[in-house]
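Values below: every heavy atom of this structure, side chains too, minus hydrogens, waters and symmetry copies.
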Amino acid sequence: QVQLVESGGGLVQPGGSLGLSCVASGSIFRAFAMGWFRQAPGKQREFVAGITTGGSPNYADSVKGRFTISRDNAQNTVYLQMNSLKPEDTAVYYCYANPSFSALVAGKGLGYWGQGTQVTVSS
């Protein structure tokens, strides 16, 4: 069992930056691919960014060049640095862990979800 706790959401103006963190319980963090998804009101949950156990990142086209995902295995933590934020980035952001990177990107399979953290981009 893996428990994920996100933090770092909030309100930011367009063009601003925000950093999210997700801390995972348990000692098997390094065996999981980690990722971030988001869900805006009235929309389906969508993939934002993922990182393999080896540290290779993957991004949705909508956030490439603006968001950076990273992980610290010693701290059992995955991060999402969000720059040049736009109003359309407003959503609840969820941390996701899955042993399979391909399943993680698809948001499927036997993985674990965090409770979500709200990000609002507005002037």
Of the non-hydrogen atoms in [X] and [Y], which two are nearest, and what is the gap between them?
X	Y	answer
Ala91	Ala40	CB-N, 3.8 Å
Ser84	Asp89	O-OD2, 4.4 Å
Leu4	Ala97	CD1-N, 3.8 Å

Using the side-chain hydrogen bond (donor to acceptor under 3.5 Å, both in side chains) criterion, which residues pair with [X]? Sequence neighbours excluded.
X	result
Thr68	none
Ser100	Ser102
Thr120	Gln118

How many angstroms lie between [atom1] in [X] and [atom2] in [Y], if you round to the nearest 0.5 Å?
X	Y	atom1	atom2	result
Glu6	Gln115	CD	CD	4.0 Å
Asp72	Arg30	CG	CZ	9.5 Å
Met34	Asn73	CE	CG	10.0 Å

Check which hydrophobic residues are tied to [X] through side-chain heavy-atom contacts below 4.5 Å, counting indirect links as well, and list them.
X	answer
Val23	none
Val5	none
Leu104	Phe37, Phe47, Val92, Tyr94, Tyr96, Phe101, Val105, Trp113

Given the options Val63, Leu20, Val78, Ile69 meets side chain to side chain contact (heavy atoms under 4.5 Å, CB included) only with Val78
Between Asp61 and Lys64, is the salt bridge (charged side-chain N to carboxylate O under 4.0 Å, His left out) condition met? List the steps. CA-CA 5 Å; Asp61 288 342; Lys64 278 181 182 176; 3.2 Å; yes
- Task: Using modelled atom types only, decide if a donor and an acceptor are shared between the side chain of Asn76 and the backbone of Ala24 within a distance under 3.5 Å.
- Result: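 It does hold such a pair.
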* **Pairs where residues 62-123 contributes a residue and the test disulfide (SG to SG under 2.5 Å) is met, not counting sequence neighbours** =>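 Passing the test, one end in residues 62-123: Cys22-Cys95.
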### Task
With sequence neighbours excluded, give me every disulfide (SG to SG under 2.5 Å) pair touching residues 40-76.
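Sorted result for residues 40-76: empty, none.
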side-chain hydrogen bond (donor to acceptor under 3.5 Å, both in side chains) pairs touching residues 40-60, sequence neighbours excluded, are Arg38-Glu46
Any side-chain hydrogen bond (donor to acceptor under 3.5 Å, both in side chains) involving residues 8-23? Give me the pairs, sequence neighbours left out, ordered by first then second residue.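 Of all non-adjacent pairs touching residues 8-23, those that pass side-chain hydrogen bond (donor to acceptor under 3.5 Å, both in side chains) are Ser17-Asn83.
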Yes or no on side-chain contact (heavy atoms from CB on, under 4.5 Å) for Ser7 and Thr117, after CA distance, side-chain angles and deciding distance?
CA-CA 6 Å; Ser7 62; Thr117 185; over 6 Å; no
- Task: State which residues pass side-chain contact (heavy atoms from CB on, under 4.5 Å) with Lys108; sequence neighbours excluded, sorted by chain then number.
- Result: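 In terms of side-chain contact (heavy atoms from CB on, under 4.5 Å), with neighbours along the sequence ignored, Lys108 is linked to Ala106.
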| said: side-chain contact (heavy atoms from CB on, under 4.5 Å) for Phe67 and Trp36? Distances and angles first, verdict last. | reply: CA-CA 11 Å; Phe67 290 12; Trp36 292 92; over 6 Å; no
Exercise. Does the pair Val2 and Ile28 meet the rule for a side-chain contact (heavy atoms from CB on, under 4.5 Å), with working shown?
Worked result: CA-CA 8 Å; Val2 176; Ile28 55 174; 4.3 Å; yes
The complete set of salt bridge (charged side-chain N to carboxylate O under 4.0 Å, His left out) pairs with one or both residues in residues 110-123, sequence neighbours excluded, reads none
